[in-house]
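A short worksheet on the structure shown next.
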Amino acid sequence: MVHQPTSRDWSGVITLGLIWGGTFMVVTMALEGYGPVTVATARTTLGAVTLLGLMAVTRRRMPSPSAGLWGFIVIIGILSTALPFVLLSWGQQYVPSAFAGLSMAAIPLMVLPLAHFFSDEPMNLRRLLGVSLGFSGALVLIGPGLAQLGTGAEPLAQLACIGAAFCYSCASIFTRRCPPIDPVTLAALTLVVGAVILVPIMLVTEGIPGWEGTRPGLAILVLGLVPTAFATLLRVSIIRSAGSVFLTLVNYQVPIWSMVFGAWILSEALPIRFYIALAMILTGLAISQWFSLRKMLTGR
């Protein structure tokens, strides 16, 4: 049963925003010593091992051998781990971590039109207005890069980050349509799918990784254990206590924290269009989710 958010729920959702907002900074640190495929592979593998261990400790069972369920698990694993992790890691070699974090703010806006066509959540005028404003913000964010396609890696890296956001959006739709399964088990198995796909690719393209120094090495460990494994458990706890609508507050935090960490710790220069895009995307997000947010905050 979902209750009104408690102080514990509020601290949990703020912590989750900090963790996911800081992920892009940590990826940039890991890329100082490792290739993008290695970073993505380590993240999926460490996360998978951690959550599989949790499944064993809590005696969660593997799902029944249903072709339909396992088909969803494989698709969700590709769209939520393997593909977006590689796209983000590759893209962050050429764009600021703040750009990658800001790109993720578009995920809820991408989900709405997908849900209109592939689920029972029709688009209305208010949602259309919010989506249109949010996507206009995304165009402000990547506009200069689109004009420079073919002139270097940065424009393609920007598209890779937006592509990762689209992967997460598609994964969200498949997750909604997935047959019933324990959320921790689903998270663990989708990470296993990602690891199975990425490990051989890493071995062929970048070889067996070694210890490349304290900062990138610790960043690799943090990526697998904190934003991938621990954050999954925190996310499940918040949803069970306060509901999935309350969890959407994380979407407003991630781009802000990614910009703060990028500028403060990595000394990234943030052009004015980043702030304009942030305002447009968050306003569009608020418009599209207005009634849910009002009900959550006021109880009416």
Side-chain angles (χ1 to χ4, degrees), residues 16 20 23 40-41 43-45 47-48 51-52 55 60-89 91 100 103-123 127 130-131 134-135 138 159-199 201 227-229 231-240 243-248 250-251 254 285 288-289 292:
L16 198 56
W20 281 344
T23 298
T41 304
R43 183 176 178 182
T44 54
T45 305
L51 291 185
L52 286 175
M55 284 180 60
R60 284 177 163 85
R61 296 182 178 181
M62 295 291 286
S64 59
S66 164
L69 174 59
W70 280 95
F72 273 96
I73 291 173
V74 171
I75 293 173
I76 295 169
I78 293 171
L79 292 175
S80 68
T81 62
L83 189 52
F85 285 3
V86 170
L87 287 173
L88 284 171
S89 296
S103 300
M104 297 303 103
I107 292 174
L109 298 170
M110 292 180 178
V111 168
L112 289 175
L114 290 172
H116 175 79
F117 291 105
F118 299 107
S119 73
D120 57 353
E121 298 182 36
M123 183 78 73
R127 288 179 172 178
V131 168
F135 279 137
L159 292 178
C161 293
I162 298 295
F166 183 70
C167 287
Y168 285 130
S169 303
C170 293
S172 175
I173 298 298
F174 278 100
T175 301
R176 294 183 188 187
R177 298 174 65 92
C178 181
I181 180 175
D182 174 75
V184 174
T185 301
L186 177 61
L189 294 180
T190 53
L191 285 168
V192 169
V193 170
V196 168
I197 292 172
L198 292 179
V199 166
I201 297 175
T228 308
T232 297
L233 303 181
L234 185 57
R235 173 180 173 272
V236 170
S237 173
I238 293 170
I239 290 175
R240 287 179 173 174
S244 57
V245 172
F246 181 73
L247 187 70
T248 60
V250 174
N251 298 325
V254 169
L285 188 56
S288 66
Q289 298 182 345
S292 296

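With Ser103 as reference, Ile162 is the one residue of Leu159, Ile162, Leu88 to meet the side-chain contact (heavy atoms from CB on, under 4.5 Å) rule.
In this structure, Thr190 contributes its side chain and Ala187 its backbone to a donor-acceptor pair below 3.5 Å. In this structure, the side chain of Thr44 engages the main chain of Thr41 through a donor-acceptor pair within 3.5 Å.
Separation of atoms CG (Leu198) and CZ (Arg43) is listed at 11.5 Å; rounding is to 0.5 Å. The OG1 atom of Thr81 lies 8.0 Å from the CD1 atom of Ile78; values are rounded to the nearest 0.5 Å. We find the CD1-SG distance between Ile76 and Cys178 to be 4.5 Å, quoted to the nearest 0.5 Å. Considering CD1 of Ile73 and CD1 of Ile181, their distance stands at 4.0 Å, rounded to 0.5 Å. How far CG of Leu83 is from CD1 of Ile197: 9.0 Å, rounded to the nearest 0.5 Å.
Of all heavy-atom pairs between Trp20 and Ala231, the closest is NE1-CB, 3.4 Å. Contact record, Pro227 with Thr23: CB-OG1, 3.1 Å, taken as the closest heavy-atom pair. Here the shortest heavy-atom pairing between Met55 and Ala188 reads SD-CB, 3.7 Å. Across Leu69 and Ser64, no two heavy atoms sit closer than the pair CD2-O, 4.4 Å. Ser80 and Tyr168 make their closest contact through O-CE2, 3.3 Å (heavy atoms, listed as atom of the first residue, atom of the second, distance). Residues Thr185 and Pro63 come closest through the heavy atom pair CG2-CD, 3.9 Å.
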>> Does Leu191 form a side-chain contact (heavy atoms from CB on, under 4.5 Å) with Thr232? I'd like the steps, not just the answer.
In response: CA-CA 11 Å; Leu191 285 168; Thr232 297; 5.5 Å; no
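Around atom CZ of Phe72, more than 12 heavy atoms belonging to other residues, nucleotides or ligands sit under 6.0 Å away.
Residues Leu51 and Leu233 are in side-chain contact: their nearest non-hydrogen atoms beyond the backbone lie under 4.5 Å apart.
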